[in-house]
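In what follows, chains are A, B, ... by sequence order, proteins preceding strands, each numbered from 1.
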Protein chains: 2
Amino acid sequence: MNIMGRIVQKRTLETRARLVAEAEKLIDRNGFEALRVEDVVRAAGVAKGTFFAHFRDKDALMDRLIGARLDTILDAMDLETGIRDIRDLVARMGPMLTFMTCERYVFDVILRYSGAAAQEDIGPIATTFARQIDVFASWIEHGPFRRDVPVAILAEGVQAFAVQVMALRFCALHAAQGLHAPLETYLAAWLLPPQPSARSSRNTAP
Amino acid sequence: MNIMGRIVQKRTLETRARLVAEAEKLIDRNGFEALRVEDVVRAAGVAKGTFFAHFRDKDALMDRLIGARLDTILDAMDLETGIRDIRDLVARMGPMLTFMTCERYVFDVILRYSGAAAQEDIGPIATTFARQIDVFASWIEHGPFRRDVPVAILAEGVQAFAVQVMALRFCALHAAQGLHAPLETYLAAWLLPPQPSARSSRNTAP
DNA sequence: AGGATAAAATGACCACGGTCAATACAAAAT
DNA sequence: ATTTTGTATTGACCGTGGTCATTTTATCCT
């Protein structure tokens with residue numbers, strides 16, 4: 001096997017797959033936060049150093065595992081169509097909100113990796129964030145929402161508000177349900193065709 | 001001295017002050033990320049355990065130090081008045097944006113502590129975030145902005161967009177200047193009195 | 001087959017945040 | 001002054017992420 005000029009042995013792929021698989025198992029049992037590198041390597045039957053030959057650091061593994069789950073959720077979201085209103089929109093974000101707030105640790109990792117760390121080493125989580133924008137954009141495009149702002153901008157705003165709601169009310173109402181109401185408030189103001197206010201200034205974007 | 005039923009010796013306050021002072025010095029010299037607890041206690045002339053008798057963990061010290069700086073910046077922002085337009089608004093957020101993006105590590109700490117960690121152990125950074133909302137709200141209230149949405153909501157949105165811009169473009173254009181343009185785009189869509197779009201649906205908030 | 005070469009795996013080791021039973025110290029009670 | 005009580009400090013110790021010189025293993029070459 002030969003990837004990018006560097007020869008990769010079959011063994012390598014097997015080891016990496018085993019590390020990932022064992023990590024998944026441990027996470028399913030104990031959650032993300034409790035994952036220890038030592039446990040993973042013991043379960044995979046390799047030495048500690050081997051782990052770091054396959055992943056830059058523990059966070060790189062997390063990036064991959066969490067990114068994979070986000071991707072699965074996005075696959076489902078991709079199939080949703082016919083958003084009728086804000087409530088609908090928020091409801092379909094539900095699974096994403098639920099997963100992102102399933103553990104404080106998970107939310108922190110996601111935030112830390114949602115932007116590209118260094119130029120162009122864009123990881124799995126950052127990729128899903130870009131994809132999320134696309135999904136939101138297509139939802140908005142086919143829904144009864146304002147048209148005076150580019151769809152891409154609207155989509156990025158939805159993401160921004162979602163993060164805001166999750167970050168500020170993380171513990172207040174831990175169930176993801178508690179996030180829906182405030183998020184709907186924001187999105188109503190952000191997405192709906194505006195009702196012109198009394199004082200009709202005619203400002204424009206700079 | 002007696003705080004909350006617990007007697008606090010003068011010695012305690014002196015030690016804590018010394019820890020904070022030495023930490024500040026080290027940070028001024030090497031930045032936040034490079035701060036090591038061992039260095040702080042050595043400089044302060046106390047044992048390691050003493051540090052943790054005064055701060056729950058290293059992050060608690062960071063929360064305090066970063067919170068203090070944010071507070072200073074907010075003091076200055078509080079004095080600003082007469083926001084004429086979006087560009088103005090973003091310009092006056094400048095110092096805050098600059099500080100929050102001065103180090104990747106600082107931004108991460110701020111995000112992690114911007115929401116209350118557990119109910120009602122709201123720390124310095126979380127406090128400044130609440131204060132930030134108030135400042136934005138008063139700016140918006142006296143500016144040429146939309147009135148069809150409560151000022152508080154608008155202010156929270158400004159914060160959300162600011163975080164979004166910082167998170168997504170952290171390295172892309174590291175100078176805080178690069179943040180202004182995208183932020184202005186978002187805020188124009190968020191804050192300005194809307195120009196009714198062609199298709200005038202008359203949706204309302206759910 | 002038997003080297004030669006490069007990739008992969010190893011595990012002792014380090015850095016650093018954090019803990020805790022033991023000790024030193026200050027203040028109050030006698 | 002001495003004892004008592006509770007606060008503040010200590011430093012050896014631990015857990016865990018991460019490193020790297022060395023060793024093992026695969027692949028290629030003749």
Side-chain angles (χ1 to χ4, degrees), chain A residues 1-23 26-27 30-66 104-106 108-109 112-113 117, chain B residues 1-23 26-27 30-66 104-106 108-109 112-113 117:
Chain A
M1 249 177 219
N2 187 326
I3 297 176
M4 291 266 289
R6 201 177 204 83
I7 290 155
V8 176
Q9 304 179 357
K10 181 172 42 152
R11 187 168 54 142
T12 306
L13 300 177
E14 291 167 357
T15 303
R16 186 169 315 173
R18 229 165 48 241
L19 285 169
V20 170
E22 295 299 333
L26 287 168
I27 287 168
N30 310 320
F32 285 87
E33 169 135 48
L35 191 73
R36 297 284 170 269
V37 173
E38 305 214 19
D39 295 341
V40 177
V41 296
R42 180 156 10 90
V46 299
K48 203 168 179 188
T50 302
F51 180 95
F52 294 98
H54 289 269
F55 303 96
R56 182 148 24 96
D57 50 26
K58 186 187 169 186
D59 278 355
L61 173 65
M62 286 300 181
D63 189 15
R64 176 170 170 155
L65 297 180
I66 292 174
R104 177 80 220 194
Y105 172 76
V106 169
D108 287 343
V109 172
R112 197 162 51 239
Y113 283 82
Chain B
M1 260 185 202
N2 188 325
I3 298 176
M4 292 266 290
R6 201 178 204 83
I7 289 154
V8 176
Q9 303 178 358
K10 180 173 43 152
R11 186 166 56 142
T12 306
L13 300 178
E14 290 168 356
T15 303
R16 185 169 316 174
R18 227 163 53 239
L19 284 169
V20 169
E22 295 299 333
L26 287 169
I27 287 169
N30 310 320
F32 285 88
E33 170 135 48
L35 192 72
R36 297 285 169 270
V37 173
E38 305 212 17
D39 295 341
V40 176
V41 296
R42 181 155 12 90
V46 299
K48 203 169 179 185
T50 302
F51 180 95
F52 294 97
H54 288 268
F55 303 97
R56 182 149 24 97
D57 49 27
K58 186 187 167 186
D59 278 355
L61 174 64
M62 286 299 181
D63 189 14
R64 176 170 170 155
L65 297 180
I66 293 175
R104 178 80 220 193
Y105 172 75
V106 168
D108 287 343
V109 172
R112 198 163 52 241
Y113 282 83

Colleague: State, to 0.1 Å, how close T15(A) and V46(A) come at their nearest heavy-atom pair, and which atoms those are.
Modeller: CG2-CG1, 4.0 Å
Colleague: Calculate the interatomic distance between L13(A) atom CG and dA8(C) atom C1'; express it in whole Å.
Modeller: 12 Å
Colleague: How many Å lie between NZ on K58(B) and C1' on dA15(C), as a whole number?
Modeller: 11 Å
Colleague: Atom CD1 of I27(A) and atom CG of L35(A): how far apart are they, to the nearest 0.5 Å?
Modeller: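 Answer for the CD1-CG pair, I27(A) versus L35(A), is 5.0 Å.
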Colleague: Quick one: does R112(A)'s side chain get under 4.5 Å of R112(B)'s, heavy atoms only?
Modeller: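 SC-SC contact between R112(A) and R112(B) confirmed.
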Colleague: Mind checking side chain to side chain contact (heavy atoms under 4.5 Å, CB included) for F55(B) and listing every partner two or more places apart, or none if nothing turns up?
Modeller: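 For F55(B) the side chain to side chain contact (heavy atoms under 4.5 Å, CB included) partners, ignoring immediate neighbours, are R16(B), L19(B), V20(B), F51(B), A60(B), L61(B), R64(B).
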Colleague: Can you measure from CG (D108(B)) to CG (D59(B)) and round to the nearest 0.5 angstrom?
Modeller: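 D108(B) atom CG to D59(B) atom CG measures 10.5 Å (nearest 0.5 Å).
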Colleague: Which residues in residues 45-53 of chain A have at least one heavy atom lying under 4.0 Å from any atom of DNA chain C?
Modeller: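 Of all residues in residues 45-53 of chain A, the ones placing a heavy atom under 4.0 Å from DNA chain C are V46(A), A47(A), G49(A), T50(A).
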Colleague: Please enumerate all protein N or O atoms sitting under 3.5 Å from an N or O of nucleotides 26-28 of chain C, with distances to 0.1 Å.
Modeller:
none

Colleague: Think T15(B) has a side-chain N or O under 4.0 angstrom from the OP1 or OP2 of dA8(D)?
Modeller: no
Colleague: To the side chain of T12(B), which of dA8(D), dA9(C), dG17(C) is closest?
Modeller: dA8(D)
Colleague: Can you name the residues that form a side chain to side chain donor-acceptor pair (under 3.5 Å) with E38(B), not counting sequence neighbours?
Modeller: K48(B)
Colleague: Is the shortest side-chain heavy-atom distance between Y113(B) and M62(B) below 4.5 Å?
Modeller: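 Counting from C-beta outward, Y113(B) and M62(B) never come under 4.5 Å.
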Colleague: Taking CZ from F55(A) and P from dG18(D), how many angstroms apart are they, rounded to a whole number?
Modeller: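 Value for this atom pair: 13 Å.
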Colleague: R56(A) has an atom CZ; how far is it from atom P of dT19(D), in whole Å?
Modeller: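 Between P of dT19(D) and CZ of R56(A): 10 Å.
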Colleague: Who passes side chain to side chain donor-acceptor pair (under 3.5 Å) against D57(B), sequence neighbours left out?
Modeller: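 Side chain to side chain donor-acceptor pair (under 3.5 Å) check on D57(B) returns nothing, list empty.
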Colleague: Round to the nearest Å and state the distance from L19(B) atom CG to dG18(C) atom C1'.
Modeller: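 So the CG-C1' distance, L19(B) to dG18(C), works out to 15 Å.
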Colleague: Specify the separation, in whole Å, of atom CD of E14(A) and atom P of dA7(C).
Modeller: 18 Å
Colleague: For T12(B) and H54(B), work out which heavy atoms get closest and say how close.
Modeller: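 Closest approach of T12(B) to H54(B), heavy atoms only: O-CE1, 3.4 Å.
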Colleague: Tell me: CG of N30(A) to P of dT16(D), nearest whole Å?
Modeller: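 Distance, rounded to whole Å: 12 Å.
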Colleague: Please determine whether a side-chain nitrogen or oxygen atom of H54(B) lies at a distance below 4.0 Å from atom OP1 or OP2 of dT9(D).
Modeller: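 For dT9(D), OP1/OP2 do have a side-chain N/O of H54(B) under 4.0 Å.
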Colleague: Which of residues 32-39 of chain B sit near DNA chain D, with a heavy atom under 4.0 Å from it?
Modeller: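 Listed by number, there are none.
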Colleague: Taking side chain to side chain donor-acceptor pair (under 3.5 Å) as the definition, give me every residue that meets it alongside N30(A), ordered by chain and number, with sequence neighbours left out.
Modeller: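 For N30(A) there are no side chain to side chain donor-acceptor pair (under 3.5 Å) partners, ignoring immediate neighbours.
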Colleague: Of all the heavy-atom pairs spanning F52(A) and K58(A), show the shortest one and how long it is.
Modeller: CE2-N, 4.2 Å
Colleague: Tell me, do D39(A) and E22(A) make a side-chain contact under 4.5 Å, heavy atoms counted?
Modeller: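 No. Closest side-chain heavy atoms not under 4.5 Å.
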Colleague: Between the axis at one end of the helix from dA1(C)-dT30(D) to dT30(C)-dA1(D) and the axis at the other (five pairs apiece), what's the angle to 10 degrees?
Modeller: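 End axes: 10° apart.
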Colleague: Answer yes or no: is there a side-chain heavy-atom contact under 4.5 Å between V41(B) and T50(B)?
Modeller: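 The answer is no, as the side chains (C-beta and beyond) never meet within the 4.5 Å cut-off.
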Colleague: With sequence neighbours excluded, tell me which residues meet side chain to side chain donor-acceptor pair (under 3.5 Å) with R36(A).
Modeller: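 R36(A) satisfies side chain to side chain donor-acceptor pair (under 3.5 Å) with no other residue.
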Colleague: Nearest whole angstrom, please: distance from the P of dG17(C) to the CG of L61(B).
Modeller: 11 Å
